[in-house]
S.K.: 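Let me give you the structure first, and then I'll get to my questions.
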Amino acid sequence: MADKPLYSSPCGMADTDPAYHGFLTTEELHELLTTLLHAERAGVRVCHLSRHDAPTRQSLELLRDIQRDETRSCRGLINSLKHLGLESDNIVGDFAHQCLAIADFDDRLRFLNRGQGWVAKK
C-alpha cells in the first residue's frame, strides 16, 4: 500500500470529463454559448436596423441602450469561448429576421423583449 501514491477524487477532478460531475461537456458548452451568441447578435442587429423606425427620441435612446447591452453580452460570450479555447463564428440568429418582419415598432420591441427573456432563461 505504501507503493501506491495517494490520490483523492478532488485532486483528480480536473483530469475527468465535466459530464462525470454533472456539468456540461465541452461540446455542449460550446453549443450553448454559440446559440446564445447568435441570439445576442440578432438583438444587436434588430436594434441597429430599428433606429429609423423609432417614433420618438425616447424610443431611439431605448434602442441604443438595448443595443449596448446586447453588444456587451456578445463580447462576454466571445471572451468566454476564447477562454475555453473554443472558436466563435459570425452568425446572426434567425430571430433578427423574425423580429424585423414585425412592422409595428411597439410590437417589435415586445417581441425583442420576449427574445431577451428566452436568452435569460437559457
S.K.: Mind checking whether Asn79 and His83 have side chains closer than 4.5 Å, heavy atoms only?
M.R.: no
S.K.: According to the salt bridge (charged side-chain N to carboxylate O under 4.0 Å, His left out) rule, which pairs have a member within residues 88-99, sequence neighbours left out?
M.R.: Arg41-Asp89
S.K.: Work out which heavy atom in Ala42 is nearest to a heavy atom in Ala96; give both atom names and the distance.
M.R.: CB-N, 3.6 Å
S.K.: Mind checking whether Val46 and Val44 sit in one hydrophobic cluster, side chains of I, L, V, M, F, W, Y counted as touching below 4.5 Å?
M.R.: no
S.K.: Show every salt bridge (charged side-chain N to carboxylate O under 4.0 Å, His left out) that has at least one partner inside residues 46-61, sequence neighbours left out.
M.R.: Asp53-Arg108, Arg57-Glu61
S.K.: Pairs of donor and acceptor atoms involving the side chains of residues 109-122, under 3.5 Å and at least two apart or interchain, shall be tabulated with distances.
M.R.:
unit_1, atom_1, unit_2, atom_2, d
Arg110, NH2, Asp107, OD1, 2.6
Gln116, NE2, Glu70, OE2, 2.7

S.K.: Could I get the full list of side-chain contact (heavy atoms from CB on, under 4.5 Å) partners for Ser80, not counting sequence neighbours?
M.R.: Leu33
S.K.: For Arg72, enumerate each residue passing the salt bridge (charged side-chain N to carboxylate O under 4.0 Å, His left out) test, keeping only those at least two apart in sequence or located in another chain.
M.R.: Asp69
S.K.: Are Val92 and Leu49 connected, step by step, through hydrophobic side chains (Ile, Leu, Val, Met, Phe, Trp, Tyr) whose heavy atoms are closer than 4.5 Å?
M.R.: no
S.K.: Can you list everything that forms a side-chain hydrogen bond (donor to acceptor under 3.5 Å, both in side chains) with Thr35? Sequence neighbours excluded, please.
M.R.: none
S.K.: By the ring pair (Phe, Tyr, Trp, His ring centres under 6.0 Å) test, which pairs, at least two apart or in different chains, include something from residues 25-67?
M.R.: none
S.K.: How would you list, by chain and number, every residue that makes a side-chain contact (heavy atoms from CB on, under 4.5 Å) with Ser88, sequence neighbours excluded?
M.R.: Leu37, Ile78, Leu81
S.K.: First locate atom CG of Leu86, then atom CD of Glu31, and finally report the distance between them rounded to the nearest 0.5 Å.
M.R.: 12.0 Å
S.K.: My understanding is that only residues two or more places apart in sequence, or in another chain, count here; which of them pass salt bridge (charged side-chain N to carboxylate O under 4.0 Å, His left out) with Glu28?
M.R.: none
S.K.: When you compare the side chain of Leu36 with that of Leu32, does any pair of heavy atoms fall below 4.5 Å?
M.R.: yes
S.K.: Do you know the tightest heavy-atom contact between Pro55 and Phe105?
M.R.: CD-CD2, 3.4 Å
S.K.: Excluding sequence neighbours, so at least two apart, what forms side-chain hydrogen bond (donor to acceptor under 3.5 Å, both in side chains) with Arg68?
M.R.: Asp65
S.K.: In Å and rounded to the nearest 0.5 Å, what is the OG1 to CG distance from Thr34 to Leu77?
M.R.: 9.0 Å
